[in-house]
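Below is one structure, written out as structure tokens; the observations come after it.
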Amino acid sequence: MLDLLLSKYNYWLYVILMMIGLYAMLAKRNLVKKLIGMNIFQTAVILFYVSISVKTGHVDVPILPYHHHGHEQAAINVAHYLNPLPHVLMLTAIVVSIATAGVALAVLILIYRKYGTLQEDEILKINKEVGA
Amino acid sequence: MKTFILALIIIAGSLLIYGTQDMPNWGDPQSPASTHVSPYYIQHSMIDMETPNIVSSVLADYRGYDTMGETTVIFTAAFVCLLLLRRRNKEQGDQ
């Protein structure tokens with residue numbers, strides 16, 4: 001059990017973070033708090049991917065030594081560099097999360113202009129009164 | 001309602017934690033993510049692209065089309081923000 005905890009605790013931390021975000025998305029009544037919950041959820045996914053790229057041992061960031069003379073490079077040992085692929089994918093994911101957050105905040109501004117509140121239940125009440 | 005959501009989240013979280021049993025250990029150099037295609041990028045980035053930073057060579061060269069789509073996402077998001085937040089002249093009367 002302790003062995004499992006020591007080798008997988010990173011995933012467990014991200015699961016907890018993800019569930020905090022999911023709880024905020026489902027249970028909070030304020031729309032801004034829901035949006036922040038979605039951002040926490042996305043951050044958990046990003047941290048999960050970045051933690052996949054980690055290798056233990058003598059590991060460097062994925063930046064190769066550069067020689068200007070262009071002679072033959074020494075053989076590159078893959079185990080000496082972090083896995084660059086999750087970093088790249090998470091760059092894309094960060095961009096997408098910023099884009100969704102921006103559009104969602106713009107929609108929230110419109111909702112606030114129309115209803116004067118960002119509480120979900122009050123908005124639903126106003127909708128019901130208008131519809132009746 | 002809150003207790004129902006809390007129960008749902010505890011169930012989902014414990015299922016996810018149960019699922020991590022099959023995940024590779026933290027920092028395992030032989031994990032599937034580090035053995036399939038990423039060794040190619042690490043070994044050939046300097047030969048193919050002469051870019052020391054592997055992340056930028058993968059982002060801009062190997063997966064350049066992906067990044068082009070990403071800029072489309074950014075453009076669409078900025079455009080939608082502009083369309084949503086533009087104040088229309090006829091609406092300014094009742095603001």
Side-chain angles (χ1 to χ4, degrees), chain A residues 3-4 6-12 14-16 18-20 22-23 25-27 48-49 51-57 59 61-67 70 73 75-89 91-92 95-96 98-103 105-107 109-110 113, chain B residues 1-2 5-6 8-10 12-14 16-17 19-21 23-47 50-59 62-63 66-67 69-71 73-78 80-85 95:
Chain A
D3 209 32
L4 197 69
L6 284 177
S7 56
K8 320 270 195 220
Y9 69 95
N10 56 328
Y11 305 123
W12 295 14
Y14 307 143
V15 166
I16 292 167
M18 190 183 246
M19 288 306 117
I20 290 172
L22 193 63
Y23 178 79
M25 273 199 285
L26 291 174
F48 166 71
Y49 265 78
S51 87
I52 282 178
S53 80
V54 171
K55 295 172 186 169
T56 44
V59 187
V61 291
I63 297 176
L64 297 164
Y66 187 67
H67 304 292
Q73 294 285 323
I76 294 161
N77 191 343
V78 173
H80 288 175
Y81 295 96
L82 292 175
N83 185 355
L85 216 48
H87 295 188
V88 177
L89 297 178
L91 271 175
T92 311
V95 166
V96 171
I98 292 298
T100 52
V103 173
L105 284 172
V107 172
I109 287 173
L110 281 192
R113 271 190 206 155
Chain B
M1 192 60 191
K2 282 238 162 101
I5 289 169
L6 210 59
L8 201 75
I9 274 163
I10 287 169
S14 36
L16 283 173
I17 285 178
T20 58
Q21 282 181 1
M23 295 292 291
N25 289 346
W26 186 79
D28 181 11
Q30 298 302 316
S31 68
S34 304
T35 50
H36 180 53
V37 73
S38 99
Y40 178 88
Y41 289 136
I42 293 173
Q43 281 168 339
H44 292 78
S45 163
M46 207 58 177
I47 302 161
E50 298 205 356
T51 309
N53 191 334
I54 306 172
V55 171
S56 57
S57 85
V58 174
L59 184 78
Y62 289 110
R63 291 175 177 258
D66 190 20
T67 308
E70 187 187 323
T71 52
V73 169
I74 284 285
F75 172 77
T76 314
V80 166
C81 283
L82 271 180
L83 284 180
L84 286 175
L85 294 179
Q95 284 286 325

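Just so it is clear, the structure is predicted and the values come from calculations on it, not from any experiment.
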Could you have a look at [options] and say which one has the most heavy-atom pairs with chain A under 4.5 angstrom?
options	answer
B:Thr51, B:Leu16, B:Ile10	B:Leu16
B:Gly69, B:Gly19, B:Pro29	B:Pro29
B:Ser31, B:Ala12, B:Pro24, B:Ser57	B:Pro24

Nearest non-hydrogen partners of [X] and [Y], listed with the distance:
X	Y	result
A:Leu91	B:Val55	CD1-CG1, 4.0 Å
B:Met23	A:Lys8	O-NZ, 2.7 Å
A:Pro84	B:Ile54	CG-CG2, 3.6 Å

Within the structure provided, determine whether [X] and [Y] are in side-chain contact (heavy-atom separation under 4.5 Å).
X	Y	value
A:Tyr23	B:Lys2	yes
A:Val103	B:Cys81	yes
B:Val58	A:His87	no

**OP:** Starting at CD1 of A:Ile16, measure out to CD1 of B:Ile17 and round the result to the nearest 0.5 Å.
**Re:** 5.5 Å
Original post:
Side chain, backbone, both or neither: which part of B:Gln21 has a heavy atom under 4.5 Å from chain A?
Top reply: both
Original post:
Would a distance-only check, ignoring hydrogens and angles, find a side-chain to backbone donor-acceptor pair under 3.5 Å from A:Asn83 to B:Ser38?
Top reply: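 No; zero donor-acceptor contacts below 3.5 Å.
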**OP:** Count the heavy atoms belonging to other residues, nucleotides or ligands that lie under 6.0 Å from NE2 of B:His44, then report whether that count exceeds 12.
**Re:** yes
Subject >> Working for side-chain contact (heavy atoms from CB on, under 4.5 Å), residues A:Thr92 and B:Asp66 >> reply: CA-CA 9 Å; A:Thr92 311; B:Asp66 190 20; 4.2 Å; yes
**OP:** Under the side-chain contact (heavy atoms from CB on, under 4.5 Å) rule, what do A:Thr56 and B:Asp28 come out as? Steps first, then yes or no, please.
**Re:** CA-CA 6 Å; A:Thr56 44; B:Asp28 181 11; over 6 Å; no
**OP:** Determine, step by step, whether A:Ser51 and B:Trp26 satisfy the side-chain hydrogen bond (donor to acceptor under 3.5 Å, both in side chains) criterion, reporting the C-alpha distance in whole Å, the side-chain angles of both residues, the deciding distance to 0.1 Å, and the verdict.
**Re:** CA-CA 7 Å; A:Ser51 87; B:Trp26 186 79; 4.9 Å; no
